[in-house]
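A quick write-up on the structure given underneath.
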Amino acid sequence: MHTAEIGLIRSHFADVVSTPDRRDRFARTFYTSFFARLPQCRSLFPAGMDGQRVRFVAALEYIVRGLDDTDRLLAFLAQLGRDHRKYGVQGNHYAAAANALLDAIRDVDSDVPWNRAADSAWRKFIALITTTMSDAADSDDFPALWEATVVSHERVLRDLAVIRLECDSPVPYAPGQYVSVQIPQRPQMWRYLSPAIPTNPFGQLEFHVRRVSGGWVSPAMVNQTSIGDRWRISSPLGGLHVDTDTGRDVLMIAGGTGLAPLRAQVMDMAHRGINPRVHLFVSGVYPCDLYDIETLWHLSLSNPWLTVVPVSEEDENPWWHPYPVPEPPHGMHQRLRGPIGAVVSQFGSWADRQVQICGSPSMVKTTAYALQRAGTPVESISYDPLR
Ligand SMILES: Cc1cc2nc3c(=O)[nH]c(=O)nc-3n(C[C@H](O)[C@H](O)[C@H](O)COP(=O)(O)OP(=O)(O)OC[C@H]3O[C@@H](n4cnc5c(N)ncnc54)[C@H](O)[C@@H]3O)c2cc1C
């Protein structure tokens, strides 16, 4: 797409995402129009559509932001197309979605006039999305989804579980990617989770799941999962990775379960002899939120290129946590205190690093902002679509 068209789409879309009400209205118009065109598709979606609408706008926001980087964008759209096969999406669904998207964007109250240029730019943009997605879905040889059995469920914090599964056949994800997951307790409600270990021939998977209060799915994953449950896993998505060609060292910043895709990459790198230097900052609100520090410490002991720095906003655990704050393992970096963005940026600009940030949307946004203010170029910073 031309620069002028990209600019037009971005200004228009900035109005869509400017307030929560506008985001919601845009998504509602999209789904109303889509279901009016294909009523039979309503049953493919959950009864409560709130989360679906939030995720829809977040994905579109990610696509609009990535419009300058064509290769990355096309790769993401192709992944999305392969992933959408889990819903049973067919060719005619894409045409209906394209028209519904056009209806939704035309409905936006914007200062950008809806003229011939806007109409043409949006049609081009929407065609790019739908054709890339449907072409990738049609040409993929892998199954639309994999079945897996829960083999272990460990409650490492009151609101956080480490869940391990064995897939009937290995899911071909790259370390750093995420997958969508459906559990038997919540049919039709797919949620993204990031494997915390690299893929292996035995089909073993490990997820770290934080219970979001009031959420539909994560409380069921943390509270109700049993050994033997059968989960469904869909095609891998995302492109977080360490670029070994650039010769640049790496800065990784994890908040909470955002550690998972970073740890998978570090574990994968541990199989290789030569690696760039990696600084991994692991953060949480309380010291107890650094639930995986023991594993990271062991990894850093046997991999001299890896430095792990624990960070917490508070110095003490909350009163309801059953254990006192433990001493850091001998030889490990002392735990630092403060908001993660402020802590990391106080070390300097990190301008020569490739940077990955992973955590909650607010943690990713504030940390990326703090780094940019300290001098990290925005193009060096990577993160997943916001969680
Ligand atoms: C790329 C990606 C990777 C992810 N990887 C992981 C992972 O490895 N482990 C993991 O635990 N989660 C991960 N998530 C988040 C996960 O997919 C779900 O969004 C989360 O578990 C909430 O689902 P839910 O059904 O419980 O909440 P929903 O029913 O979807 O949402 C309920 C309410 O909670 C709010 N909400 C949703 N998510 C959050 C949040 N994270 N923090 C605060 N409020 C929230 C919603 O806005 C809504 O108001 C990832 C998300 C993305 C996009």
Side-chain angles (χ1 to χ4, degrees), residues 17 20-21 23-24 27 45-63 65-66 75-76 79-80 83 86 153-165 171 173-183 185-198 205-225 231-241 254-265 282-285 289 291-292 356-366 382-387:
V17 293
D21 280 355
R23 294 174 83 101
D24 190 58
F45 289 81
M49 287 288 288
D50 292 3
Q52 185 72 27
R53 285 194 290 271
V54 170
R55 271 178 280 278
F56 169 71
V57 179
L60 214 51
E61 198 175 6
Y62 187 77
I63 294 169
R65 197 179 322 115
F76 176 70
Q79 290 171 351
L80 214 53
D83 176 53
K86 72 192 180 209
H153 178 273
E154 200 183 332
R155 201 76 172 253
V156 294
L157 288 175
R158 201 167 71 155
D159 62 349
L160 201 151
V162 170
I163 302 170
R164 299 190 178 90
L165 300 103
V171 183
Y173 63 90
Q177 285 195 300
Y178 54 94
V179 291
S180 53
V181 170
Q182 191 197 66
I183 62 171
Q185 293 82 357
R186 295 289 181 272
Q188 294 190 337
M189 293 190 179
W190 291 88
R191 292 294 183 269
Y192 294 128
L193 293 180
S194 308
I197 54 172
L205 269 176
E206 177 177 317
F207 294 120
H208 299 178
V209 186
R210 166 85 68 175
R211 185 181 65 203
V212 170
S213 75
W216 280 93
V217 179
S218 60
M221 286 175 169
V222 173
N223 299 345
Q224 296 171 25
T225 297
W231 286 22
R232 291 178 146 191
I233 317 284
S234 175
S235 293
L237 296 119
L240 283 184
H241 70 288
T257 57
L259 173 64
L262 307 183
R263 200 191 82 170
Q265 292 175 78
V282 192
S283 72
V285 176
D289 290 328
Y291 60 92
D292 203 35
Q356 296 183 24
I357 310 176
C358 208
S360 69
S362 62
M363 175 268 174
V364 172
K365 278 185 186 160
T366 51
S382 309
Y383 49 85
D384 280 330
L386 297 176
R387 305 169 137 231

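Here the structure is a predicted model, which means the values were calculated and not measured. When a ligand or atom number is given, it counts from 1 through the structure's own listing order.
In this structure a side-chain-to-backbone donor-acceptor pair under 3.5 Å is missing from Arg210 to Gly256. The main-chain N or O of Phe56 is never found under 3.5 Å from a side-chain atom of Arg53 such that the two would form a donor-acceptor pair. No donor-acceptor pair under 3.5 Å is formed between the side chain of Glu154 and the backbone N or O of Ala161.
Taking each of Val212, Asp159, Val54, Leu160 in turn, the one with a heavy atom nearest to atom 39 (C) of ligand 1 proves to be Val212. When the heavy atoms of Ser362, Ser194, Ala58 are ranked by distance to atom 3 (C) of ligand 1, first place goes to Ser194. Taking each of Ser218, Gly51, Gly214 in turn, the one with a heavy atom nearest to atom 26 (O) of ligand 1 proves to be Ser218.
Within ligand 1, counting atoms from 1 as listed, the ones closer than 4.0 Å to a heavy atom of Arg55 are 19 (O), 30 (O). Atoms of ligand 1 lying under 4.0 Å from any heavy atom of Thr257, numbered from 1 in the order shown and given with element: 9 (N), 10 (C), 11 (O). Per-residue contacts place Pro219 under 4.0 angstrom from the following atoms of ligand 1 (heavy atoms of the residue considered): 26 (O). Near Val209, the atoms of ligand 1 lying under 4.0 angstrom from a non-hydrogen atom of the residue are 11 (O). Ligand-side atoms of ligand 1 in range of Tyr178: 1 (C), range being under 4.0 angstrom from any heavy atom. Listed by number with element, the atoms of ligand 1 under 4.0 angstrom from any heavy atom of Val217 are 24 (P), 25 (O), 26 (O). Counting atoms of ligand 1 from 1 in the listed order, those under 4.0 Å from a heavy atom of Arg210 are 11 (O).
Looking at Ser360 next to ligand 1, no N or O pair under 3.5 Å apart turns up. For ligand 1, one of its N or O atoms has an N or O atom of Arg191 under 3.5 Å away. In terms of polar-atom proximity, defined here as any N/O pair under 3.5 Å, Ser213 makes no such contact with ligand 1. Residue Trp216 places at least one N or O, backbone or side chain, under 3.5 Å from an N or O of ligand 1.
In this structure, His208 and Tyr291 have perpendicular ring planes: the angle between them is above 60°, well past the 30° mark.
Side-chain atoms of Asp83 and Ser234 form a donor-acceptor pair, as typed in the model, at a separation below 3.5 Å.
Taking a 4.0 Å cut-off on heavy atoms, Phe207 fails to register as neighbouring ligand 1.
Of the charged side-chain nitrogens involved, none lies within less than 4.0 Å of a carboxylate oxygen, so that Glu61 and Arg55 do not count as a salt-bridged pair.
In this structure, OG1 on Thr257 lies 8.5 Å from CG on Leu193, to the nearest 0.5 angstrom.
Partner Gln265 forms a side chain to side chain donor-acceptor pair (under 3.5 Å) with one of Gln177, Gln356, His241 and no other, that one being Gln356.
In this structure, Gln188 and Phe45 approach most closely via the heavy-atom pair OE1-O, 3.3 Å.
Residues Gln224 and His153 form no side-chain contact, since every pair of their non-hydrogen atoms from C-beta on lies 4.5 Å or further apart.
Neither the backbone nor the side chain of Arg211 comes within contact range of ligand 1; no heavy atom lies under 4.0 Å.
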